[in-house]
Amino acid sequence: MSFSSVAEVLEGLVALAVYYQAFKFYRLSGEKALLHVSASFLALGVGLLAHGLSLGAVLLVLAGPVRALIKLALLISEVMALALFGCEAFAYGYLAYFYAKPSQEEAAEGLLFPLVLRETPEKPPRPEALIRFIRYHPLLECVVLALLVYLTYKTISNFLSSRDANPFLIGFAFLFLTAAHACFMLSYFLATFYFTAHVLQLLAFVCVFIVLLRVVSA
């Protein structure tokens, strides 16, 4: 959980940096595609940052002496996981909506818990059993994954038609995000995938940030 908290805070900060750069350039250029990107990454940044910080707070409660607060900490963890799903579904659904509109397509181119209480100290819970208290339900993950598959298809298609560096980076960003959320789903069966997912997600955000820096400096 400590890894998840740190990783999501870092990813949230990168997503907010993408939001800042996109919104700043939108105010200079008036390009609406950048407004859509900034809104999406603002939702992602706030969702990841809030979820990461809440996991950190839950860890502090679990490590503390006040056992009565554990149930409250578990409830907060589940609520924040649903909030993260809402932010991600909004962000990727919002982008998918504008990619689906023909008039926008060219512009878009530029761009541990109850188990811990029940288990004895001699038999700690498996890491996979803890994932469901950190992430939202796998069925909800399927919704986000479906949106990302569509966005990956559109952005890779844009790259194949233009053969430019920026669409290439955007296409790979959504490819990384799709792979990341596939790994999040697989982490319910093998916890190692959870670490891989966060690395891929961070790489995706960095790719988008690089594109924005290239656009601003052009």
Q: Evaluate the ring planes of Tyr150 and Tyr153, with Trp represented by its six-membered ring, and classify them as parallel (under 30°), tilted (30 to 60°) or perpendicular (over 60°).
A: tilted
Q: Take Leu44 and Tyr92 through the side-chain contact (heavy atoms from CB on, under 4.5 Å) test and state the conclusion after the steps.
A: CA-CA 9 Å; Leu44 284 173; Tyr92 300 132; 3.7 Å; yes
Q. Please walk me through it: do Phe195 and Phe3 pass ring pair (Phe, Tyr, Trp, His ring centres under 6.0 Å)?
A. CA-CA 8 Å; Phe195 299 93; Phe3 168 80; 4.5 Å; yes
Report whether [X] and [Y] are members of the same hydrophobic cluster (ILVMFWY, side-chain heavy atoms less than 4.5 Å apart, transitive linking).
{"X": "Leu160", "Y": "Val149", "answer": "no"}
{"X": "Val79", "Y": "Ile76", "answer": "no"}
{"X": "Phe193", "Y": "Met185", "answer": "no"}
{"X": "Phe172", "Y": "Leu200", "answer": "yes"}

Could you grab the distance from atom [atom1] of [X] to atom [atom2] of [Y], nearest 0.5 Å is fine?
{"X": "Asp164", "Y": "Asn166", "atom1": "CG", "atom2": "CG", "value": "5.5 Å"}
{"X": "Leu145", "Y": "Leu177", "atom1": "CG", "atom2": "CG", "value": "10.5 Å"}
{"X": "Glu88", "Y": "Leu140", "atom1": "CD", "atom2": "CG", "value": "10.5 Å"}
{"X": "Leu151", "Y": "Ile156", "atom1": "CG", "atom2": "CD1", "value": "11.5 Å"}
{"X": "Glu141", "Y": "Leu186", "atom1": "CD", "atom2": "CG", "value": "10.0 Å"}
{"X": "Leu82", "Y": "Cys87", "atom1": "CG", "atom2": "SG", "value": "11.0 Å"}

With side chains defined as the heavy atoms from C-beta onward, is the minimum distance between [X] and [Y] less than 4.5 Å?
{"X": "Val58", "Y": "Met80", "answer": "no"}
{"X": "Val143", "Y": "Leu139", "answer": "no"}
{"X": "Leu53", "Y": "Val9", "answer": "yes"}
{"X": "Leu34", "Y": "Phe23", "answer": "no"}
{"X": "Tyr20", "Y": "Leu42", "answer": "no"}
{"X": "Arg214", "Y": "Leu169", "answer": "yes"}
{"X": "Gln201", "Y": "Phe176", "answer": "no"}
{"X": "Leu95", "Y": "Phe174", "answer": "yes"}

Closest non-hydrogen atom pair, [X] against [Y]:
{"X": "Ala22", "Y": "Val37", "result": "CB-CG1, 4.1 Å"}
{"X": "Gly93", "Y": "Leu147", "result": "N-CD1, 3.6 Å"}
{"X": "Thr155", "Y": "Ile170", "result": "CG2-CG2, 3.6 Å"}
{"X": "Tyr94", "Y": "Ser40", "result": "CD2-OG, 3.3 Å"}

Q: Determine, using ring centers only, whether Phe184 and Tyr194 are less than 6.0 Å apart.
A: yes
Q: Could you go through the side-chain contact (heavy atoms from CB on, under 4.5 Å) check for Leu202 and Leu10 one step at a time?
A: CA-CA 8 Å; Leu202 182 58; Leu10 181 58; 3.8 Å; yes
Q: I would like to know whether Glu8 and Leu49 meet side-chain contact (heavy atoms from CB on, under 4.5 Å); could you show each step before the answer?
A: CA-CA 6 Å; Glu8 289 186 357; Leu49 198 58; over 6 Å; no
Q: Given side-chain contact (heavy atoms from CB on, under 4.5 Å), test Ser38 with Gln21 step by step and report yes or no.
A: CA-CA 8 Å; Ser38 67; Gln21 287 292 337; over 6 Å; no
Q.
Between Phe205 and Phe41, is the ring pair (Phe, Tyr, Trp, His ring centres under 6.0 Å) condition met? List the steps.
A. CA-CA 9 Å; Phe205 292 167; Phe41 276 86; 5.6 Å; yes
Q) Does any N or O in the side chain of Ser5 come within less than 3.5 Å of the main-chain N or O of Gly52, such that one atom is a donor and the other an acceptor? A) yes
